[in-house]
Number of protein chains: 2
Amino acid sequence: MVLPTSTRTPPEGSTRTRLLDAAVRLVRAKGLNATTVDDLCAAAGVSKGAFFHHFDSKERLAVAVADHWSQTTGAVFASAGYHDKADPLDRVLGYIDLRADLIRGTAAEFSCLAGTMTQEAFESSPAVRDACAASIFGHAATLEADLSAAIAANPPAVTVNAASLARHTQAVLQGAFILAKAADDPAVVLESIEHLRQYVQLLFSPAIHPPVPKAKKRP
Amino acid sequence: MVLPTSTRTPPEGSTRTRLLDAAVRLVRAKGLNATTVDDLCAAAGVSKGAFFHHFDSKERLAVAVADHWSQTTGAVFASAGYHDKADPLDRVLGYIDLRADLIRGTAAEFSCLAGTMTQEAFESSPAVRDACAASIFGHAATLEADLSAAIAANPPAVTVNAASLARHTQAVLQGAFILAKAADDPAVVLESIEHLRQYVQLLFSPAIHPPVPKAKKRP
DNA sequence: GACACCATACCGACTAGTTGGTATTGTATC
DNA sequence: GATACAATACCAACTAGTCGGTATGGTGTC
């Protein structure tokens, strides 16, 4: 491939980007199956020929959208202010507070594209499912270092695994999004985020020294 | 209407019931949009005419399936053994342990029908969304009495609202199901259930007396 | 019991519209 | 003219829902 002269990067509002951005909007609102190729073309102001010029299939677009989602959301969190805090626990709590701050508008605006697509793709399209998994678990992984540091700095009385707790934060958020969609009310998300915050605080609370009895084996 | 003689209740494996049971299976596996009316008829061994004899539309079926789901799962939890425990906290922990016990097989087998349908219906079909909401929040409500009693018996240092905590348990489960679908691995559900259990234990742990600082208002 | 009557359950071919995807053609840039 | 990109027309498969008609069985009357 030759990139000779000046403008070889596609113009910023390129067809491909417009389609991906439209897909994020529509899929978050309607889901993947209910979003047709024609919907996407109309929303992006693009012809069907252009669509299939850039993406071999709707499934390929879905994978690309999941990757696009990973990148754009990754950038938001990477540049967020909570990384600057000195105490690793404050960084974790800062992340949680940021998640709460991002709950604005409708469910379609604050919910997670990857979680939405997972439900529809997990049996019909391994490629899409894997892309969603990469987005969710990749994001969870960005919390691990801070959690590990917090555990090392202030070991909780109960055994806590950083990776597991990082995944749990994502489970809480994904589930809260579902409840918000069902109730048609964003408040339930804030509620669950508050419970998550309280859980993390309790885990690292110095008040806990007489160790809580380990969760008993179930019969 | 006259119901004179003997058999007026439809036969137990009735067409309607077969369709509802088939719908539970297919929708949990493929989602609502990806499940066609023909799929349902084939799975239930029923003709298309019979389908539309019993349900005016696919949407009506979806509502009926959500109600059916509420009833069948409601019966399972209503008859479970954890209600017999004397200590309300033990009943709550017993519920959580039961949820863990029910994680068997594939995601399509243990995940929640209402949560799955919510994602696809919340913008396109208020009727289905409301039926899903009734299922999820109705189930959450069955936990409230035990949580209230536990709070009354052993007030946590941090303020806890029973209804809010009950909803949070459902958020954790719903989110864990999504992560399990993404990872194609039921283990992540058990992980999050364990975190939920630990959160409840910590909340009610007598070790917490120097009150944890109240969650700060976000800027 | 024989009869007419009627309601419910059911069948499966059909339709109108939608879907993802293709074929063809046009155009701008090198 | 070669290459990348894009617009239009088009197709075969599929979809939810319809429709005319059948099967069964119960009810009331004689």
Side-chain angles (χ1 to χ4, degrees), chain A residues 1-23 26-27 29-65 117 120-121 123-125 127-128, chain B residues 1-23 26-27 29-65 117 120-121 123-125 127-128:
Chain A
M1 194 195 310
V2 224
L3 320 180
T5 52
S6 50
T7 40
R8 189 53 252 134
T9 40
E12 69 122 22
S14 70
T15 298
R16 187 188 157 89
T17 306
R18 285 209 310 279
L19 277 168
L20 290 174
D21 288 340
L26 292 181
V27 172
K30 314 187 350 173
L32 183 58
N33 285 327
T35 301
T36 70
V37 174
D38 286 329
D39 285 343
L40 291 167
C41 293
V46 154
S47 70
K48 214 164 177 180
F51 180 100
F52 283 101
H53 175 75
H54 289 282
F55 302 101
D56 289 348
S57 66
K58 189 189 176 187
E59 185 185 15
R60 286 283 182 91
L61 168 98
V63 172
V65 171
M117 285 207 300
E120 291 184 272
E123 269 230 328
S124 62
S125 169
V128 175
Chain B
M1 193 193 310
V2 222
L3 318 181
T5 53
S6 50
T7 39
R8 187 56 253 130
T9 41
E12 69 122 21
S14 70
T15 297
R16 188 188 156 89
T17 307
R18 285 211 308 279
L19 277 168
L20 290 174
D21 288 339
L26 291 182
V27 172
K30 312 183 356 173
L32 183 59
N33 285 328
T35 299
T36 69
V37 174
D38 286 328
D39 286 343
L40 291 167
C41 293
V46 154
S47 72
K48 212 165 181 180
F51 181 100
F52 283 102
H53 175 72
H54 288 282
F55 303 101
D56 289 350
S57 65
K58 190 187 174 187
E59 185 185 16
R60 287 284 181 91
L61 169 97
V63 173
V65 170
M117 284 206 302
E120 291 183 271
E123 270 231 329
S124 63
S125 168
V128 175

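Residue numbering restarts at 1 for every chain, and letters A, B, ... go by the order of the sequence lines.
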B:Val65 vs B:Val27 side-chain heavy atoms within contact, under 4.5 Å | no
A:Leu61 vs A:Leu40 side-chain heavy atoms within contact, under 4.5 Å |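 Answer yes - side chains close enough.
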Salt bridge (charged side-chain N to carboxylate O under 4.0 Å, His left out) against A:Asp21, all qualifying residues, sequence neighbours excluded |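 Once residues adjacent in sequence are excluded, A:Asp21 has no partner under the salt bridge (charged side-chain N to carboxylate O under 4.0 Å, His left out) criterion.
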Salt bridge (charged side-chain N to carboxylate O under 4.0 Å, His left out) against A:Lys30, all qualifying residues, sequence neighbours excluded |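 With sequence neighbours excluded, A:Lys30 shows a salt bridge (charged side-chain N to carboxylate O under 4.0 Å, His left out) to A:Asp39, given in chain and number order.
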Using whole Å, report how far [atom1] of [X] lies from [atom2] of [N].
{"X": "A:Arg60", "N": "C:dG21", "atom1": "CZ", "atom2": "P", "result": "11 Å"}
{"X": "B:Asp56", "N": "D:dC19", "atom1": "CG", "atom2": "P", "result": "13 Å"}
{"X": "A:Leu40", "N": "C:dT19", "atom1": "CG", "atom2": "C1'", "result": "13 Å"}
{"X": "A:Leu19", "N": "D:dC5", "atom1": "CG", "atom2": "P", "result": "13 Å"}

Any side-chain N or O of [X] below 4.0 angstrom from OP1/OP2 of [N]?
{"X": "B:Ser57", "N": "D:dA16", "answer": "no"}
{"X": "A:His53", "N": "D:dA6", "answer": "no"}
{"X": "B:His54", "N": "C:dC10", "answer": "yes"}

With A:Arg16 via side-chain contact (heavy atoms from CB on, under 4.5 Å) - residues at least two apart |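 Here the qualifying residues are A:Ser14, A:Leu20, A:His54, A:Phe55, A:Ala64.
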Could I get the full list of side-chain contact (heavy atoms from CB on, under 4.5 Å) partners for A:Ala43, not counting sequence neighbours?
->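 Once residues adjacent in sequence are excluded, the partners of A:Ala43 under the side-chain contact (heavy atoms from CB on, under 4.5 Å) criterion are A:Ala22, A:Leu26.
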side-chain hydrogen bond (donor to acceptor under 3.5 Å, both in side chains) involving A:Ser125 - partner list, sequence neighbours excluded |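 Applying side-chain hydrogen bond (donor to acceptor under 3.5 Å, both in side chains) to A:Ser125 gives A:Glu59.
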Mind checking the CD-CG spacing from B:Glu120 to B:Asn33? Nearest 0.5 Å is all I need.
-> 4.5 Å
Straight-line distance of A:Lys58 NZ to A:Leu32 CG, nearest 0.5 Å = 5.0 Å
Identify all pairs in which a protein N or O lies below 3.5 Å from an N or O of nucleotides 22-24 of chain D, and state each distance.
none

Could you check A:Phe51 against B:Arg18 and say which one's nearest nucleotide on DNA chain C is further toward the 5' end?
-> B:Arg18
Just the table, please: protein N/O against nucleotides 25-27 of chain C N/O, every pair under 3.5 Å.
none

Just jot down the ring-ring contact (aromatic ring centres under 6.0 Å, His included) partners of B:Phe52, sequence neighbours excluded, or say none.
->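 So B:Phe52 forms no ring-ring contact (aromatic ring centres under 6.0 Å, His included) with any residue.
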List the protein contact pattern of nucleotides 8-15 of chain D with one symbol per nucleotide (5' to 3'): B for base contact, S for sugar-phosphate-only contact, - for none; contact means a heavy-atom distance under 4.0 Å.
-> B------S
Does anything in residues 45-57 of chain B pair up under salt bridge (Lys or Arg N to Asp or Glu O under 4.0 Å), and if so which pairs, sequence neighbours excluded?
-> B:Asp38-B:Lys48, B:Asp56-B:Arg60
